[in-house]
*Asks:* 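One structure follows; several queries about it will come next.
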Amino acid sequence: MPIGIFMFLAAFAIIAGFGVIMQRNPVHCVLALALVLIDLGVLFMGLDAVTLGFLQIIVYVGAIMVLFLFVIWLLNIQADPGAGRHLGLKLFGSIAAAALAAEFAAIIVHAPKIREIRTLPADFGTVAALARSLFSDYLVAFEVTSVLLLAAIVGAIALARKVSAPLVLVTPALSRDVSTPASSASDPAAHRKSA
Amino acid sequence: MNQFTLAAVNFAWLPILPLIAVTLGAMVIMLVGPGIDDEDSAGLGLIALMTVLAAFVLTLFTLGENTLSFGGALALDDYSGFFELVILVATAVTIGMSLDYVADERIAGAEYYSLILFAALGMMLMATAGDLIIIFLGLETMSIAVYALVGFLRRDPRSSEAALKYFLLGAFSTGFLLYGIALVYGATGTIRLDPVRAAVATDMASNPLLLMGLGMMLIGFGFKVAAVPFHMWTPDAYEGAPTPVTAFMAVGVKVAAFAGFLRIFLVHLGPVSAQWSAVLWVLAVLTMSVGNLIALVQSNIKRMLAYSAIAHAGYIILGMAAASSHQAGGAILYYLLGYSFTTLGAFAVVIALERAGEARDRISDFRGLARTHPGLAAAMAIFMLSLAGVPPLAGFVGKFYLFSAALNAGLVWLVIIAALNSAISVYYYTRVIVEMYAREGNEIDVKRIGARPALLLSIVAGVAGTVLIGIFPQPYMGASASAFAAAAGRPALKTTAMLR
Amino acid sequence: MMTQDFPALGLILLFPALGVLFNLFWGRRAGRAAVNFVGAGVIFLAFAVTVWAFVTLIGLPPGASLQCALWPWIEAGSFHVEFGLKIDALSAVMTLVVTGVGALIHLYSAGYMAEDEDYARYFTYLNLFAFSMLVLVLADNLLQMFIGWEGVGLCSYLLIAFWFDNAQYAYNGRKAFIVNRIGDLGFLLGIFTIVAALAQHGVWTLNFTAMSHHTVLLRPVALAAALLLFFGATGKSAQIPLYVWLPDAMVGPTPVSALIHAATMVTAGVYMIARLNFLYLLAPTAMEVVATVGAVTAFFAATVAIVQSDIKRVLAYSTISQIGYMMLGVGVGAFSAGVFHLMTHAFFKGLLFLCSGSVIHALHGEQDMNRMGGLKSKLPITYATMLIGTLAISAIPPFSGYFSKDLILEGAFASGHTWLWLIGVVTAGITSFYMFRLIFMTFHGTSRLEPEKEHHVHESPPVMAIPLIVLAALSIIGGWAGLPEWLLWGDAFKRFLAPIFAPRGPFAMPEVVIDVHRFSASTTLSLIALVAGLIGIFLAWMLYIQHPELPERIAERFRGLRELLWRKYYIDEIYDLLISRPLFWTSTHILSDGVDHDLIDGIVNGSGSAVEGGGEATRKIETGNVQHYALVYLIGAVAVAGYYVYLVMR
Amino acid sequence: MTPISYYLALSAILFAVGVAGVLIRRNVIVMFLAIELMLNAVNLALVALGRRIGSMDGQVIVFFVMTVAAAEAAVGLAIIISMFRNRDTVNADELNLLRW
Amino acid sequence: MGGFWLTALTFVPLLGAFGVLMQSDEESIWRSAFVFSLIPLAISLYLFAVFDPHQASYQFVERYSWIPQFGISYHMGMDGISLFLVILTTLLISLSLLYSGGGDIETRPREFCFMMLVLETGLIGALLAIDLFLFYVFWEVMLVPMYLMIGIWGHGRKIYATFKFVLFTMLGSLLMLVAILYLVGAARAQLGHLTFDLPDLYRVPLSQAEARWLFAGFAIAFAIKVPMWPVHTWLPDAHTEAPTAGSVMLAAVMLKMGAYGFLRFAIPLFPEVAIEATPIFMALAVIGIIYGALVAMVQPDLKRIVAYSSVSHLGFVMLGIFALNPQGLDGAVYQMLNHGVSTGALFLLVGMIYVRRHTRDVSEFGGLWKTVPMFAVVFMVVMLSSIGLPGLNGFVGEFLILLGTFLKSQRAAEVAVLGVVLGALYMMWAYERVMWGPITKAVNQTIKDLSKREIAVMVPLIALMLLMGLYPRPLLSRMEPSLNLLLDRVGAAQARLDAEHTRTIAALAAPVRNLADK
């Protein structure tokens with residue numbers, strides 16, 4: 001990726017990032033984060049991770065951020081209440097975060113200058129390459145994510161339902177997932193469920 | 001290379017049967033659960049118990065195996081077997097003490113038990129993990145299940161507050177852990193643990209990325225094992241959570257976190273132990289001291305036990321700081337074993353005192369217990385003494401083993417600090433005993449323990465473990481040492497099959 | 001020197017011991033008669049055995065001794081002490097006195113205590129005392145002597161406090177014991193010094209005979225050891241500076257005062273020095289100290305006695321004074337004279353006390369001489385015997401006191417202690433003065449009795465009178481054993497004891513020998529002392545018979561002096577001010593409250609609360625605010641990361 | 001071409017921004033958003049490092065991280081909802097029943 | 001390595017403890033506990049009878065492997081030092097149980113008997129263990145029942161006392177644990193294998209600095225237990241608030257564990273350091289003697305008086321130990337027994353009086369002899385034993401200690417001997433105020449004299465006082481060989497130190513001599 005484009009994207013990401021933490025309205029925060037995520041997706045593509053870049057935009061922005069928006073609307077949350085308070089926390093928090101960034105910077109500066117590999121496999125970053133990794137080296141991990149999502153769903157339902165409401169758990173999608181534990185549950189489906 | 005063959009992946013199915021069993025059990029509960037009233041959830045609990053039992057038996061069969069399967073993603077050896085067994089026992093005891101509790105508190109049983117099992121699965125994965133991503137995923141599976149479990153007392157605002165705090169900080173911490181994994185990956189070029197060890201054994205001692213990476217991982221694991229200053233969530237989460245979940249956190253989560261922590265640091269980052277043992281030295285001092293100091297002034301037993309758990313994490317970290325001692329690994333494993341039984345037992349007693357909707361979790365609630373319920377009081381006294389490190393109970397022998405390892409590594413001052421800390425800890429442990437025995441107190445009506453066989457069994461298991469492991473430490477020490485040796489002794493690159 | 005096994009010596013101890021057991025366990029049940037019988041009987045039996053032993057001893061060549069080995073006692077490393085009994089000339093005299101006078105006083109007690117309910121306890125104590133005293137006397141080693149030494153102290157304590165429901169009496173008893181214990185420190189340290197000196201050369205013994213063979217080894221420590229032991233003696237024998245307990249000891253039953261605080265126990269110090277003469281002879285300086293302390297005590301106590309009005313207190317001070325004489329005797333090297341005086345003193349002072357007891361008995365406990373007078377006719381036996389005793393103590397020939405006191409003064413003079421001799425002479429005068437003052441105030445003049453007591457005055461029963469008579473006889477003839485060398489069986493007493501005091505080893509100085517050629521000097525000296533005594537008697541007669549109003553006027557005139565004497569030179573007060581009060585004040589305020597409670601416990605509790613405070617402070621970090629938690633977490637993370645940055649940048 | 005270290009630097013900055021966000025915002029949902037920002041910063045680092053090494057592992061991890069993030073989002077938001085139902089607030093300041 | 005006597009001795013009480021738990025009615029609880037306590041008493045007396053007085057090393061040895069990884073074995077043995085302390089323990093447990101059953105313990109008798117018997121196991125085990133680990137286990141085990149006894153059946157500020165007791169002792173013993181572990185580590189470096197066996201550890205050469213630190217670790221733990229000044233302040237509180245039997249066991253046996261620890265561990269393991277540290281310990285011991293006595297003197301509470309007297313008496317014991325010569329050591333061990341008998345008896349007597357009047361305040365009494373003569377006589381004898389009257393047991397110990405001290409350091413003995421006077425002073429003063437004087441409180445006129453049971457408790461103790469005072473040989477002769485073994489170690493260390501000293505002097509002198517040669 002040409003450095004100029006990187007610089008632009010980087011600056012944009014940082015500004016949007018600050019937007020996430022500075023905007024008073026939570027909805028604006030979500031939108032700012034979505035911008036960061038899209039920006040990152042583009043950066044991923046610039047790093048030869050094309051598939052991941054798209055997944056980033058689809059899954060993160062399309063699913064997770066929407067979920068956040070739903071919840072904000074559901075709870076009808078307005079602007080941040082105690083904006084002016086906790087100056088000490090803000091001060092020290094910012095200083096500490098800056099210190100952390102500085103430390104990372106120091107590390108990165110001192111990192112050995114290994115030349116990055118310029119000639120990558122032809123399919124680097126493609127769906128096929130990603131899938132091959134997932135279903136061989138990371139087969140177990142992949143299966144675990146299905147259980148992880150399952151646990152998340154169970155937990156989310158248990159917590160989010162009304163206190164006195166009768167337990168309604170079984171949904172067709174879920175039951176399918178349960179019935180095939182060892183098989184591959186495709187993750188977009190999983191995301192949809194969690195959403 | 002456009003295609004891959006499954007045959008190229010080493011599927012060693014047998015050793016992962018326990019994991020599969022637990023998963024299946026969780027799902028069965030999830031499926032049959034909805035038809036069952038919250039008051040009658042004990043049946044579900046029994047299913048969970050059976051599942052754990054089955055997994056336990058299956059784990060026993062896997063002992064003696066020493067293989068890397070799934071391309072090195074899972075390391076199935078005595079180390080993982082040891083931890084799986086401990087985790088399963090902890091899970092079983094947790095379930096045992098949940099049966100009545102869950103029914104009494106009208107907690108949704110299906111979700112509860114399945115989450116417990118999911119969490120157990122995550123824990124077992126952490127113990128079994130052969131690469132960083134499995135550890136990460138195991139950790140998250142466990143954590144997400146436990147986040148939810150902490151908030152299960154829906155009517156109690158403290159419960160959801162605890163869940164939220166735990167969750168926020170946990171997610172926050174996940175970022176650090178993940179950053180650490182990323183940096184280690186960047187430095188070593190792999191996330192498989194054995195190659196990581198091979199890589200760091202060469203010339204990595206001063207690689208900035210590696211150092212920062214292991215620093216961040218230290219922080220991430222430090223959070224999970226509740227090391228000071230990453231411990232802040234612990235007391236709140238412990239206090240707010242349903243008590244069986246607290247027990248589960250104090251034992252299961254901690255043991256699992258240490259399983260991963262130890263495997264990564266002691267075994268696979270062992271070659272660069274000089275780069276991290278100093279940090280652990282400081283962490284150990286802070287953790288022991290702060291844990292004990294604050295525990296001293298607690299009036300809530302769950303909170304006190306939370307700080308005590310922090311302090312005990314400090315002792316274990318002390319053992320880790322003694323990485324150069326050959327005994328350290330075995331000592332920590334042994335310590336965790338004893339700690340598990342003792343802590344589970346203690347929480348079981350706390351549960352025995354509780355009644356639906358009324359948490360008897362203040363230390364003063366134990367007042368006069370020895371008169372009204374001598375058995376319960378005696379059990380609690382044994383647990384407290386063991387935690388305080390009074391021989392011949394498990395807590396003492398564990399401490400003994402740990403201290404001796406640390407001295408072996410030349411950490412004299414650290415051990416002295418630990419000894420002073422132990423002396424402080426005696427105060428608050430004995431305070432419980434004093435409340436029970438020496439003070440005349442409120443005659444509390446405890447639901448008859450005989451009517452709650454699972455709970456009774458949990459307490460008995462705790463007592464038996466605490467006493468037996470202490471008086472006849474020989475087999476358990478042997479098991480601990482050989483379990484650790486199994487993880488540490490595997491040739492660094494005996495991975496059977498790797499793609500590419 | 002030959003020794004002969006004489007197992008019967010054990011009987012001397014056994015009888016009193018049996019008496020103790022009987023009175024202790026069966027005394028109350030057995031009844032008064034049985035207790036009286038057994039209590040006194042066992043002492044008579046002991047006396048009989050003693051006489052048997054004495055006769056046996058006399059039959060042996062001079063310097064011989066009888067012994068009876070018992071069982072080994074303390075053994076540690078090379079150190080060992082065995083229980084053993086030994087009678088030689090010195091202990092024979094002493095044993096005879098103890099059992100003989102003791103038996104009489106036991107007998108007397110039966111009458112004196114006839115109305116007391118606690119007769120069984122009384123005889124238990126008394127027998128225990130006799131037992132302890134005999135252990136002291138018969139001991140063949142220093143440590144065993146110490147058993148008796150402390151044992152008699154115990155009995156003294158118990159008997160002084162016999163009527164314990166009077167808090168003052170109880171206090172006096174304890175005071176006696178504690179003061180004695182203070183002296184015993186010296187005794188113990190003396191023993192240690194001896195053991196250490198001998199042990200250096202591989203000799204481990206405390207046996208008297210064995211020790212006397214090692215004077216060469218003892219010489220380097222002789223001064224220290226002798227002084228330390230003498231310090232012990234000042235406690236037991238009521239010498240300056242530890243005499244303060246004895247006057248207070250008079251609150252005990254009068255026979256006790258007679259037996260313990262006049263005849264036997266208090267002379268133990270003299271006996272000990274005589275026993276250890278070989279040691280003292282190695283240390284002339286120590287001898288000087290003994291002699292000086294003795295003389296000064298004699299004088300000092302005599303002056304105090306002048307103004308006392310309590311009949312027993314006068315006798316108590318006179319006892320202190322007389323023991324001072326004995327100390328003077330042994331101090332100047334006239335050991336046999338000292339022991340001789342010890343014996344005669346036992347007779348006449350025992351007698352005097354018993355007489356005073358008789359008076360008190362007759363007056364139902366009245367002890368103040370200001371409330372007596374004119375008892376001569378009502379208590380004829382008592383009067384007669386007491387007069388004999390008084391003449392004896394005033395050293396009027398041919399009463400016993402004359403011979404013994406004379407020998408001591410002669411010894412002092414002959415050994416060159418002119419000043420001490422002079423003090424002795426003056427004291428002799430004072431002695432006869434205050435003793436006759438006692439006689440006159442008690443028996444002569446007009447009666448100052450309270451009227452209701454007047455009618456009940458009666459002479460003592462025979463059981464009390466007989467001992468008086470016997471002792472009176474002894475007070476007369478007792479001295480004749482020490483007749484001057486030129487008379488009759490001349491100086492038999494000294495010859496009998498001579499082998500004991502024979503110089504041993506190269507460094508020892510010999511016992512003072514008053515040689516025959518200085519006979520005229522000796523006679524002159526005797527005369528001077530006698531005159532001093534007579535002057536004393538005359539002054540007493542003048543003041544208390546002729547001009548009874550005079551003492552008051554003199555007292556008025558010299559009020560300060562009188563006050564000084566009356567208050568016993570304020571010694572008790574000084575001790576109280578310098579020792580007791582500071583000790584208690586320090587213990588209470590500095591040690592108990594200050595160090596223990598405030599300082600040490602302050603540190604302990606302080607560190608406890610510091611830890612707890614640390615906990616309280618630290619727990620405040622846990623604010624409940626999740627962002628604070630995150631901040632703490634972050635700070636930790638920054639620190640860890642900082643460490644690694646440091647590692648990298650280094 | 002842009003050196004990898006630039007990506008890492010960007011990742012570090014975004015991570016720190018996220019960290020700061022967790023600390024300075026009261027709204028728990030926004031805090032959670034900041035955490036998501038942190039995770040994505042790590043993702044960037046992973047992809048960049050993977051690119052440098054030339055292995056797909058980095059990307060695979062990112063894939064898993066996304067899944068985890070989704071799961072966390074589900075549970076986390078459920079917890080927030082549960083909390084809101086109990087206490088009617090999402091203000092971190094008011095989570096103060098448990099302390100000391 | 002046959003034999004089962006020591007195991008039986010140690011664990012019969014534990015069995016008994018659980019046996020007692022089975023009993024239901026109070027009568028049978030006390031009876032069974034007493035009977036169970038008689039068994040170890042009988043065994044210990046049997047062992048006394050068959051003990052070989054000429055053998056210095058351990059007898060009746062038992063050894064089984066326990067935790068071989070650590071070289072830990074179940075290694076028990078008895079020598080001349082432990083023999084008598086064991087008998088003291090078994091005897092006093094029996095007497096305490098006998099006494100406590102007579103009304104002193106009114107609540108929860110089952111637990112009480114349980115604790116007493118568990119305590120006995122801990123005490124005996126600690127005395128017999130030759131393996132350091134085993135010792136430590138028993139050392140801590142005995143803490144728990146004692147702690148509970150004070151906490152449950154104590155009086156007054158019992159909670160404060162319990163905590164103080166536990167924290168003090170735990171602090172010490174944890175430091176000792178560190179020292180033990182370090183020592184074992186050093187042994188491993190030297191001997192090539194892990195071992196906790198005492199005879200093995202005796203042979204470990206240590207650097208001077210190491211030895212000093214380790215000695216400090218052991219010494220602090222033991223000094224707290226003894227307790228030496230200035231770490232004694234737990235004792236008055238614990239003693240005062242404990243139930244009678246607890247005080248008896250505390251005073252009679254538990255404090256001895258500290259002194260025993262010095263004899264068995266601290267000194268023989270690090271003889272050089274012990275020799276070096278002698279002045280410090282002698283000074284502290286002497287301070288303890290005087291200080292304890294002076295503070296005892298002004299206590300208003302009878303039990304506190306006795307408690308502080310323990311500080312004083314144990315000062316004597318420590319003084320004797322650090323005299324490091326046969327007289328001092330014999331005396332120290334003997335005094336340990338004396339103190340057990342005398343102070344045990346004193347606590348029993350104070351307990352008896354407390355049961356009758358429910359106060360221990362000295363000023364509440366006065367003139368008791370009139371109402372309870374038998375009690376007064378017994379008290380008198382016990383008091384005399386306690387103040388070391390010649391002819392009774394206390395004297396033998398005190399005398400030997402002072403003699404040993406005198407041979408070692410004249411000055412120390414000169415100061416320490418004051419303790420003899422002060423001891424008499426506070427005890428007799430207390431006695432006087434309690435037993436003598438007029439009866440000022442009407443309640444004191446009606447209290448009852450000793451019961452048969454109480455007499456039965458006191459008679460063996462008084463008999464022992466006389467016996468030990470007049471015929472100490474059976475005891476001294478049995479302990480001496482073992483103590484000589486200890487002295488041999490100390491002597492060898494002294495020789496090493498002397499040689500080193502000579503070398504140092506020579507090294508210092510060498511340049512001077514060279515200079516002179518030129």
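Below, read A as the first sequence line, B as the second, and so on, with proteins coming before strands; counting in each chain starts at 1.
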*Asks:* Taking every non-hydrogen pair under 4.5 Å, which of A:Cys29, A:Ala105, A:Ala102 racks up the most with chain D?
*Replies:* A:Cys29
*Asks:* Between D:Tyr6, D:Phe32, D:Phe15, which residue shows the highest count of heavy-atom pairs closer than 4.5 Å to chain A?
*Replies:* D:Tyr6
*Asks:* Among D:Val17, D:Leu33, D:Leu14, which one satisfies side-chain contact (heavy atoms from CB on, under 4.5 Å) with A:Val20?
*Replies:* D:Leu33
*Asks:* Please name all residues satisfying side chain to side chain donor-acceptor pair (under 3.5 Å) with A:Gln56, sequence neighbours left out, ordered by chain then number.
*Replies:* D:Asn40
*Asks:* Tell me, out of A:Leu40, A:Leu89, A:Leu91, who's got the most heavy-atom pairs with chain D below 4.5 Å.
*Replies:* A:Leu40
*Asks:* Is the centre of the D:Phe63 ring less than 6.0 Å from the centre of the A:Tyr138 ring?
*Replies:* no
*Asks:* Determine the option with the most heavy-atom pairs under 4.5 angstrom with chain A, choosing from D:Leu10, D:Val19, D:Thr89, D:Ile13.
*Replies:* D:Leu10
*Asks:* Please check if the side chain of D:Arg25 supplies one atom and the backbone of A:Gln23 the other of a donor-acceptor pair under 3.5 Å.
*Replies:* yes
*Asks:* Got a donor-acceptor contact below 3.5 angstrom from the D:Arg85 side chain to the A:Ala160 backbone?
*Replies:* yes
*Asks:* Which bit of A:Val30 is near chain D, if near means a heavy-atom gap under 4.5 Å: side chain, backbone, both or neither?
*Replies:* both
*Asks:* Which bit of A:Leu37 comes within less than 4.5 Å of chain D, counting heavy atoms only: side chain, backbone, both or neither?
*Replies:* side chain
*Asks:* Using the ring-ring contact (aromatic ring centres under 6.0 Å, His included) criterion, which residues pair with A:Tyr60? Sequence neighbours excluded.
*Replies:* none
